[in-house]
Amino acid sequence: MDDVATGTEPPATEPEHRGGVRSGTRAAISAPHLRTDRWWLAPAATAAGLLAFVVYSTWRAFANADYYAAPYVSPFYSPCLAENCEPMRGGPNWDLFGGWWGISPAIIILIFPLGFRLTCYYYRKAYYRSFWASPPACAVAEPHAKYTGESRFPLILQNVHRYFFYAALLVACVLSWDTVLAFRDEDYAWGHMGLGTLVFLVNIVLIWAYTLSCHSCRHIVGGKLKHFSKHPVRYRMWQWVGQLNARHMQLAWASLVSVAVADLYVYLVASGVFDDPRFF
C-alpha cells in the first residue's frame, strides 16, 4: 500500500544546502534568508567606524611627532616607555626600554588598550559581524563552511581578555594622572584649566566607565558568589557594574571616539594649528 503523503517532506527537487548553517538539518528554504529590511546597514556602519579608527590610530601611532603640548600628552603615547620620548615635566616618562627602541614609543603602549578592546565581548560581536560575517546579522546565514566558535586558533586567544583588563586598569590610572596634570598651564603652574583639560576630563570619565563596564570586571566583582547576602559590599559593586555593563556598547563607542578626539586635540595644539583656550 502506498505511503500517504503528509506534505511535510521537502520536494525532491529542493536544492541541497551545504556549509555553515545551510546544512541538511536546516529548514527546507531555498532563500539564504527571509529578511527584507536593510539588515546590512548596521554591520556596514560598524565596519566603517572601526576602520576609520584603525586608520587614524595607525597614522598617529607611527607619526612619532606632535604628541605633547605642555601640559597635555596624547593618550596614545602615555605612558612613554622609550628613551626617544619627548621630555614631559611631571609626566609619564618611564624609560624602561632604553635607547634601543628606535620607532614610535606609542607602539609599545597601544598593544594593551588595543588588546583589551579586540578581546572585549562587544567588539567581538562588532567585528565578527562586520568583517567575518559570522553571522552578518540576526537570521542571516553565515557563509563559512563550518562554525567552530572560539574553540580553535586564533579565536581561542580571546580568553586572554581578563589579563588585558588588568593592563587596561593600569593604563586608565596613568591617563587619570595625565588628566590631573592637565590642570597646569604651559609653564607647569598649577590651578589652570583650558579647553584641553575639559577634553581630557570627558575622555577619562568615558575610559573608566567603559573599562569598569567590562564583563570581566563584573565577574571579578561578583562572580563565584553563592550568597550575595553574605557579601553586601561586593553585591553593591556587582549591581553598580551591572548597570554600567548594560551600556557597554554605548560606552565602547563613546570612549573610542573620546580617546581619538583627545589625541587629535593634542596634535592640533602641538602642531601649532591653534592655541589652547584658557578658562582660568
Side-chain angles (χ1 to χ4, degrees), residues 49-120 123 127 157 160-161 163-182 184 186 188 194 196-197 199-208 210-211 214 252-274 276:
L50 292 177
L51 278 175
F53 180 80
V54 168
V55 171
Y56 173 79
S57 59
T58 301
W59 166 61
R60 287 294 293 141
F62 283 95
N64 197 19
D66 299 323
Y67 58 83
Y68 182 65
Y72 310 123
V73 57
S74 164
F76 290 173
Y77 287 81
S78 183
C80 212
L81 302 180
E83 188 178 286
N84 60 346
C85 298
E86 291 189 22
M88 296 176 284
R89 183 173 173 180
N93 283 100
W94 302 341
D95 185 11
L96 300 180
F97 279 69
W100 65 270
W101 187 269
I103 60 177
S104 172
I107 306 301
I108 306 173
I109 195 61
L110 282 180
I111 295 173
F112 301 103
L114 180 62
F116 178 58
R117 288 185 181 265
L118 281 178
T119 57
C120 164
Y123 281 109
Y127 62 73
L157 295 179
V160 301
H161 178 61
Y163 302 103
F164 276 119
F165 168 72
Y166 299 140
L169 286 178
L170 294 176
V171 172
C173 289
V174 173
L175 297 183
S176 299
W177 176 242
D178 293 342
T179 304
V180 173
L181 296 179
R184 305 178 299 176
E186 62 275 6
Y188 306 105
T197 311
V199 172
F200 273 50
L201 278 171
V202 172
N203 178 57
I204 195 58
V205 168
L206 291 174
I207 289 293
W208 273 113
Y210 166 64
T211 304
C214 169
W253 280 106
S255 61
L256 193 73
V257 172
S258 70
V259 73
V261 169
D263 172 82
L264 178 62
Y265 188 87
V266 175
Y267 166 74
L268 293 175
V269 174
S271 59
V273 174
F274 61 83
D276 178 46

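Quick caveat: nothing in here was measured; it's all calculated off a predicted structure.
- Partner of Tyr267 under the ring pair (Phe, Tyr, Trp, His ring centres under 6.0 Å) criterion, chosen from Trp59, Tyr67, Phe76, Tyr56: Trp59.
- For Ser104 (side chain) and Ala61 (main-chain N/O), a donor-acceptor pair under 3.5 Å exists by modelled atom type.
- Rounded to the nearest 0.5 Å, atoms CZ (Phe62) and OG (Ser57) are 10.0 Å apart.
- Within the model, atoms CD1 of Ile204 and CG of Asp178 stand 8.0 Å from one another, a figure rounded to the nearest 0.5 Å.
- Listed by first and then second residue, the salt bridge (Lys or Arg N to Asp or Glu O under 4.0 Å) pairs that reach into residues 164-174 come to none, sequence neighbours excluded.
- Applying the side-chain contact (heavy atoms from CB on, under 4.5 Å) rule to Tyr188 yields the partners Tyr68, Ala70, Arg89, Arg184; only residues at least two apart in sequence or on another chain are considered.
- Between Leu169 and Trp208 the shortest side-chain heavy-atom distance falls below 4.5 Å.
- The list of salt bridge (Lys or Arg N to Asp or Glu O under 4.0 Å) pairs with a residue in residues 255-272, not counting sequence neighbours, reads Arg60-Asp263.
- Nearest approach of Ala182 to Thr197, heavy atoms of both residues: O-OG1, 2.8 Å.
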Report all side-chain donor-acceptor pairs from residues 110-120 shorter than 3.5 Å, counting only partners two or more places apart or in another chain.
unit_1	atom_1	unit_2	atom_2	d
Arg117	NH1	Tyr123	OH	2.8
Arg117	NH1	Ala252	O	3.2
Arg117	NH1	Ser255	OG	3.4
Arg117	NH2	Ser255	OG	2.8
Thr119	OG1	Gly115	O	2.8
Thr119	OG1	Phe116	O	3.4
Thr119	OG1	His161	ND1	2.8

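- Taking Asp276 as the reference, Arg278 meet the salt bridge (charged side-chain N to carboxylate O under 4.0 Å, His left out) condition, with sequence neighbours excluded.
- When all heavy atoms are compared, the tightest approach of Pro105 to Tyr77 is CG-CD2, 4.0 Å.
- Trp253 CH2 to Phe53 CZ: the interatomic distance, rounded to the nearest 0.5 Å, is 10.0 Å.
- Listed by chain and number, the residues in a side chain to side chain donor-acceptor pair (under 3.5 Å) with Ser258 are Asn203 (sequence neighbours excluded).
- Between Trp177 and Ser78, the side chains place no donor N or O within less than 3.5 Å of an acceptor N or O (distance only, hydrogens not considered).
- Residue Ile103 holds its CD1 atom at 9.0 Å from CG of Asn64, rounded to the nearest 0.5 Å.
- The heavy-atom pair separating Pro79 from Ile109 by the smallest distance is CD-CD1, 3.4 Å.
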